[in-house]
Amino acid sequence: MSTDAKNNTALMEKIVSLCKRRGFIFQSSEIYGGCGGVWDYGPLGAELKRNLRTAWWNAMTRDREDVLGLDASILMNPAIWKASGHVETFADLMRECSLTNKRVRADHVDPQDGVIMNYTGAEAATGWKLDRVISVLMKKGEHIESFRKRVRLLIASNAGEAAGKPEEIVLLGEAKADAVEGSIDYHPETGGALGPARPFNLMLKTYLGPTATEDDVTYLRPETAQAIFAQFKNVFDASRVKVPFGICQIGKAFRNEVTPKNFTFRSREFEQMELEFFIKPDEAIEIISGEVAAWSEGADLSEPQANWGWDLWHRYWVDQRTKFYEGIGLGGVLEYYWQTPEDLAHYARACVDILCHFPFGTEELEGIAARGSFDLTAHQNASGKSQEVFDEELKVAAAKLSDEQKEAMIQKRLAAEQSKVKGAPMAEADVRAWFERLFKGNYVPHVIEPSAGLDRMALAIIANAYEETEKTDEKGKKEVITVLKLHPRVAPIKVGVFPLLKNKPELVAKAREVYALLKRHMNVFYDETASIGRRYARQDEVGTPFGITIDFDTLGEKGPELLDTVTLRHRDGGEQERVKISDLLGKLLAEVS
RNA sequence: GCGGGUGUAGCUCAGUGGUAGAGCAUCUCCUUGCCAAGGAGAAUGUCGCGCGUUCGAAUCGCGUCACCCGCUCCA
């Protein structure tokens, strides 16, 4: 491992340790030896997550007029997961290459010809050993030396750093076995022997109903989005909204990750915050507004416009989400990855990953995808229930189009279908049928989906707030001071209240008074033990942005002008100011909300 | 899933076959007039879990669980 990587691993370990020590995050079921890939939030972690949830909910729905909230259940009719493609994609039997662990679908192995070569194991100069039989297919026409080189490379890449350089790996007990033709027991690319066929379903299976038969199988949702699509029509009908509008939801989702790792970053139970923002198809915009606005560098994205198509809406949401992250203190550490046409799923038109710097690398916090009408159409087809909306404005505008204008739109779309990078083009008859509905004012809305992970967000906040400084005291003793520079809006504790000395009842009484005053409005921590410096330090370590100290001036000992004033200490920089108790609440609320 | 590593007090770690330790943190009392001060005392672990070897296991062996690192996976 490089020095950087070691430092980053050490940093991550310190963060994990702080999280446990101070009650942010604990390992699940720890007293029973833990439980893989799941984590519990302690008192401070619960507050942090709650603050993030509230910030997201306010930004996405409460502060807007065009987004509605939803709170759907985790368990749903399994037909939803069939329609969405989740069951099909992950219920397949897969076989794993014994050399590289690359997986192939069991029913999709191309037949191979060649000679089977067996080895009893392998070893390396580093002392590393592989003590199991390796069976690899030497393909027809492959030279024995290039074959051996290839095997060494595959072994090295799977063993990681322990095995050292590939060319220094020694293959043991080489033995030529049978020649095979049309064998489906070897990986088509690597030639490694394939293991038994096993299901690799990333969804957590459960039984709905006490009889627990195969008929009762359902899944814990692997994402919250599908519930929004499934309830789209109900929300639409119940809320007197018009497209464009959105539905957002916060909730738990579950995935049987093969390898949970990086603390809470990839876990099997996690919380998502998702918005499905429904928009008109571009063709509808063209009919109503005459044209679809084009994006250019520096375009004004602050206020949505009637002539925006999916591209501008997509960029608008990237902009909105960026502003959100800036508002919780993650502004400076974000990166963006615009997926290329090759990266994109066949139904997606564009997808931006918002990435954030973590000690273990730059990883995805949120994905913002333009998914067209893929999801609603899939549910419309599978359920047989129309997911179309009727748009009066569109119907009126379409009625004014000439037949030539209509045909020109159809031709334009047909050409676009032919030049698709991924997926089959839509048949002409289907395109014409779709326009037929559109001209009458009916369409299935398209969607922009900003999908964020709450646990990742919480981890990003903690990791990026973590700061160590070395301090030397009067005796020359060096010590490391840890500060979590959390944004006041997300900090679990907003302010600490301290009497300067606990053996002076007047100070304690006054401090309790201030504590009671603030407590009803924010999370406040009262502390009277140990020295004032230590109390400040304790709060710095958990990211409390403010400290209030009640001293003898507060009691009026230095004159009436300081009576009922306190020291307000700022975590970042440590500067102090004298504030009247009556001004405290307003001043603090402005900072923390 | 494969390979490597780790697992001892809340945290960081020492302890390699013979009665479980240190520093920090925690709690109590005293002291303390603004940035991890000092004193006195207290509490805290069947050494991840199970099985085995041994007169005797934190220590040796096997298994298992969890975490970390490297592969792999991540719709």
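Just so you know, these numbers use all the heavy atoms, side chains as well, and skip hydrogens, waters and symmetry mates. A, B, ... follow the sequence lines: proteins, then strands. Residue 1 opens every chain.
Contact annotation: side chain of A:Thr567 to base of B:C34, donor-acceptor pair present below 3.5 Å. Judged by distance alone, with hydrogens and angles left aside, A:Tyr32 brings no side-chain donor or acceptor close enough to the base of B:C65 to form a pair under 3.5 Å.
Using N1 to N3 plus N6-O4 or O6-N4 for Watson-Crick, or N1-O2 and O6-N3 for G-U wobble, each under 3.5 Å, B:C62 pairs with B:G50. Across all strands shown, B:C29 forms a Watson-Crick or G-U wobble pair, both distances under 3.5 Å, with B:G39. The base-pairing partner of B:A14, taking Watson-Crick or G-U wobble contacts with both distances under 3.5 Å, does not exist among the strands shown. For B:C74, there is no paired base (Watson-Crick or G-U wobble, both distances below 3.5 Å). With a cut-off of 3.5 Å on both pairing distances, B:G56 has no Watson-Crick or G-U wobble partner at all. Nucleotide B:C67 is matched to B:G5 when pairs are restricted to Watson-Crick or G-U wobble geometry with both distances under 3.5 angstrom.
Rounded to an integer number of Å, the gap from NZ of A:Lys20 to P of B:C68 is 14 Å.
Distance CZ/A:Phe265 to CD/A:Glu364: 7.0 Å, rounded to 0.5 Å.
Residue A:Asn256 places none of its side-chain N or O atoms closer than 4.0 Å to OP1 or OP2 of B:C74. A close approach under 4.0 Å does occur between a side-chain nitrogen or oxygen of A:Arg538 and OP1 or OP2 of B:U26. Residue A:Arg535 places none of its side-chain N or O atoms closer than 4.0 Å to OP1 or OP2 of B:C35.
Between the side chains of A:Asp375 and A:Thr377, no donor N or O sits under 3.5 Å from an acceptor N or O.
If you check every strand for non-hydrogen atoms under 4.0 Å, A:Ile481 touches a base. Backbone-only engagement by A:Glu13 is indicated by non-hydrogen atom pairs under 4.0 Å involving sugar-phosphate atoms exclusively. As judged by a 4.0 angstrom heavy-atom cut-off over every strand, A:Asn503 is placed among the base-contacting residues. Contact annotation for A:Lys261: base contact, defined as any heavy-atom pair under 4.0 Å involving a base atom. Among the heavy atoms of the strands lying under 4.0 Å from A:Arg255 is at least one base atom, whether or not backbone atoms are also near. At the heavy-atom level, A:Gly23 lies nowhere under 4.0 Å from the strands shown. Among the atoms of the strands shown, only primed sugar atoms or phosphate atoms (P, OP1, OP2) are found under 4.0 Å from some heavy atom of A:Gly36. Among the protein residues, A:Ser267 comes within range of no part of the nucleic acid, since none of its heavy atoms lies under 4.0 Å from any strand. Using a 4.0 Å heavy-atom distance criterion, A:Glu557 is classed as a base contact.
Note: A:Trp39 and A:Phe26 fail the aromatic proximity criterion, with ring centroids not under 6.0 Å apart. Taking the ring centroids of A:Phe263 and A:Phe360, they lie at or beyond the 6.0 Å cut-off.
A residue-by-residue look at A:Lys502 and A:Glu223 shows that A:Lys502 has its nearest nucleotide of RNA chain B further toward the 5' end.
Test A:Arg534, A:Arg535, A:Arg538 against A:Asp527 for salt bridge (charged side-chain N to carboxylate O under 4.0 Å, His left out) and you get one pass: A:Arg538.
A:Arg569 forms a cation-pi arrangement with A:Tyr536, by the criterion of a distance under 6.0 Å to the ring centre and an angle within 45° of the ring axis.
For B:C51 and B:U59, the P atoms lie 13 Å apart once the distance is rounded to whole Å.
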